[in-house]
Amino acid sequence: MSNEDQLNLFDLSPDGEAGASGFFQQDLIPTSAKIPVPPGTYPTMAPLAKHCNECYRCDLGKTRTHAVVGRGNLQAPIMIIGEAPGQNEDETGLPFVGKSGQLLDKILASVGLETERDIYICNMVKCRPPDNRVPTPAEIAACKPYLLEQIRLVNPKIILLTGATAVKGVTGDKRGITKIRGTWLEWESRLCMPIFHPAYLLRNPSREQGSPKWLMWQDIQAVRAKLDEIHN
Ligand code: URA
């Protein structure tokens, strides 16, 4: 089926049904960035993951080994959004499994949060950018509908945005991460906190008061306190 035919599936008929035939053809939706992925497209994460692994909405699809969709609890109260998969993630198909991920797991564990139970973790873009470069705005835009669907499906109480790429990609806020980390933002009626990216902490190992690691410790305690407040 051509891109044009796929696009036609999204033409709304007068009574609001999708496409002339009145249903979405789920396997055919998102292969080109021209094809929209409207909210509500995916009933569960499984077809979304399948599409990500077949996706060529941007050129990152040409060089990936695996699309890296997410891991953790699909009903987690906290969702963490990173930047993009690295080499370990591309090889395994799982986000945050390299050094950054190990540090992140430790940070979470320090306040009693377990990734597999309390967290769903994913990235702004699902495929590894060559040489681990920052994903381009076009790549982020092509992939964003998948992320918005993930947020809708998981419906977390709190979203943690790790690093400036995630903050800008999700909320559009262009302020530097040093400025806004640790502050609560409201985005689309959701509670979000920007935090440092764990890779930044790996490059700045000092634990002195005021250091990035020390600030992260303050932030993760604030997240734990907010979660307890919400749950009580
Ligand atoms: N850094 C990220 O932002 N995401 C990953 O999945 C791994 C490293």
Side-chain angles (χ1 to χ4, degrees), residues 45 48-49 52-53 55 58 60-61 63-74 76 78-109 113-116 118-144 146-151 153-154 156 158-178 180-182 187 192-205 212-213 215-216 219-220 223:
M45 206 64 85
L48 182 153
C52 289
N53 273 289
C55 179
C58 75
L60 296 183
T63 49
R64 70 169 170 250
T65 311
H66 296 106
V68 176
V69 178
R71 74 178 165 100
N73 181 354
L74 287 167
I78 300 177
M79 183 159 172
I80 300 181
I81 304 175
E83 179 174 301
Q87 185 180 352
N88 289 302
E89 291 77 19
D90 175 68
E91 284 168 5
T92 57
L94 294 169
F96 282 96
V97 289
K99 285 217 167 93
S100 288
Q102 286 160 21
L103 177 56
L104 190 58
D105 284 343
K106 277 194 194 165
I107 292 166
L108 295 167
L113 296 171
E114 263 179 50
T115 311
E116 298 308 317
D118 303 312
I119 311 283
Y120 182 78
I121 189 162
C122 63
N123 283 301
M124 221 35 248
V125 300
K126 310 300 180 228
C127 300
R128 182 192 182 194
D131 304 319
N132 298 335
R133 64 166 171 72
V134 176
T136 66
E139 289 160 354
I140 289 173
C143 211
K144 192 164 175 180
Y146 295 128
L147 179 66
L148 295 179
E149 280 291 86
Q150 287 179 294
I151 295 171
L153 288 168
V154 176
I158 291 172
I159 299 178
L160 301 180
L161 303 161
T162 61
T165 305
V167 177
K168 184 167 163 232
V170 171
T171 68
D173 196 319
K174 296 192 183 107
R175 281 177 293 169
I177 191 72
T178 314
I180 47 170
R181 57 129 282 278
W187 164 79
C192 304
M193 184 191 277
I195 55 172
F196 283 130
H197 194 288
Y200 179 68
L201 303 181
L202 289 171
R203 295 194 296 272
N204 293 277
K213 268 197 169 168
L215 292 169
M216 178 64 119
D219 296 349
I220 203 67
V223 170

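We count ligands from 1, going down the list as the structure has it; atoms in each ligand are counted the same way.
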Under 4.0 Å to a heavy atom of Pro95 - the qualifying atoms of ligand 1, by number: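 So the answer, numbered in order with elements, is 6 (O).
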Keeping the roles fixed (side chain from [X], backbone from [Y]), state whether a donor-acceptor pair exists under 3.5 Å.
X: Lys213; Y: Asn204; value: no
X: Glu91; Y: Asn88; value: no
X: Asn123; Y: Glu83; value: yes
X: Trp187; Y: Cys192; value: no
X: Asp173; Y: Val167; value: no

Under 4.0 Å between heavy atoms, the region of Glu89 that gets near ligand 1 turns out to be side chain
Quiz item: How far is atom 4 (N) of ligand 1 from its nearest protein heavy atom, and which residue and atom is that?
Solution: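 Checked against all protein heavy atoms, atom 4 (N) of ligand 1 sits closest to Asn123 OD1, 2.8 Å.
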Ala84 heavy atom under 4.0 Å from ligand 1: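 Per 4.0 Å heavy-atom rule, Ala84 contacts ligand 1.
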*Short N/O distance, under 3.5 Å, between His197 and ligand 1?*
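N/O-N/O distance below 3.5 Å exists for this pair.
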